[in-house]
Amino acid sequence: MSAQKISALSKFWRPAIFVFALLLHVAAICFFSVKQKEEDVETVDFSQADVFKLVDVQEYVKPPVQEKTVTVADQPKASERVKETDQTVIKEFDESAFLPQHKISSVPVIPIREVLSRIEYPPLALRQGIEAVVYLELFIDSKGEIKNIKVLKDPGHGFAEAAVAALKGIMCVPANANGKNCAVRYRYPIKFTLN
């Protein structure tokens with residue numbers, strides 16, 4: 001066979017194979033759809049069915065914790081509870097003494113320059129050129145002292161630890177609610193950027 005005949009046959013066979021495959025698919029779809037219509041689908045009449053009631057589910061309630069009351073000459077602040085164990089006295093942090101941010105009139109003022117001077121960029125993130133934002137929740141009492149710091153969003157690479165270390169021991173201007181200083185839970189972002 002010559003090269004012209006082979007190229008003419010290849011031009012003819014490719015469309016012919018495509019048409020054959022298409023017809024085969026159409027035939028298969030028609031065959032299975034007709035076969036499915038012939039089968040009777042069993043239907044159920046739910047008008048005469050009984051109604052079943054689900055069993056009532058009760059929520060698990062923890063049993064109350066029995067704590068010993070301790071009389072100490074130096075009473076804890078309102079945001080702390082004292083719990084006595086066999087070895088030492090442990091002060092627990094009580095979040096309920098702090099107002100949520102939406103219930104205050106003016107937000108606490110955090111000394112930004114002091115915080116920025118205390119921030120140490122994490123070395124691993126600095127070498128890799130990573131920037132991030134750490135979201136914290138600060139528990140600031142009515143005197144402006146940061147009592148507790150909770151990390152809400154930690155991007156990793158040591159950013160959260162650096163942010164918490166920079167804010168520890170900082171004194172703020174306290175929040176205000178209806179003209180009085182108050183303890184507040186305050187959400188505070190710290191952005192780490194490379195200059």
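We're numbering straight along the sequence, starting at 1.
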Minimum-distance pair of heavy atoms, taken over all atoms of [X] and [Y]:
| X | Y | answer |
| --- | --- | --- |
| P189 | R187 | CD-O, 4.2 Å |
| L194 | I130 | CD1-N, 4.2 Å |
| V151 | A160 | CG1-CB, 3.9 Å |
| N176 | G179 | OD1-N, 3.0 Å |
| V134 | P155 | CG2-CD, 3.8 Å |

What's the separation between atom [atom1] in [X] and atom [atom2] in [Y], rounded to the nearest 0.5 Å?
| X | Y | atom1 | atom2 | value |
| --- | --- | --- | --- | --- |
| L152 | Y135 | CG | OH | 10.5 Å |
| I110 | M171 | CD1 | CE | 12.5 Å |
| Q128 | L126 | CD | CG | 10.0 Å |
| C182 | I140 | SG | CD1 | 10.0 Å |
| L136 | D154 | CG | CG | 9.5 Å |

Contact check, side chains of [X] and [Y], non-hydrogen atoms, under 4.5 Å:
| X | Y | answer |
| --- | --- | --- |
| F139 | R185 | yes |
| Y188 | I149 | no |
| Y186 | C172 | no |
| P174 | D141 | no |

Any link between [X] and [Y] through a network of hydrophobic side chains (Ile, Leu, Val, Met, Phe, Trp, Tyr) touching at under 4.5 Å?
| X | Y | value |
| --- | --- | --- |
| I170 | L116 | yes |
| I112 | V184 | yes |
| V26 | F20 | no |
| L23 | I17 | no |

Under 6.0 Å between the ring centres of Y121 and F159?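 Ring-ring flag for Y121/F159: true, centres closer than 6.0 Å.
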
Does the S105 side chain pair with the main chain of N178, one donor and one acceptor, at a distance under 3.5 Å?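 Flag set: sc S105 to bb N178 pair under 3.5 Å.
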
Verify, without hydrogens or angle tests, whether E120 (side chain) and A162 (backbone) share a donor-acceptor contact under 3.5 angstrom.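 Answer holds: no.
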
Please say whether more than 12 non-hydrogen atoms of neighbouring residues, nucleotides or ligands are located less than 6.0 Å from CZ in R118.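 Enclosed.
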
Within a 6.0 Å radius of atom CG on L24, are there more than 12 heavy atoms belonging to other residues, nucleotides or ligands?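 Counting neighbours around CG of L24, more than 12 heavy atoms of other residues, nucleotides or ligands fall under 6.0 Å, so yes.
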
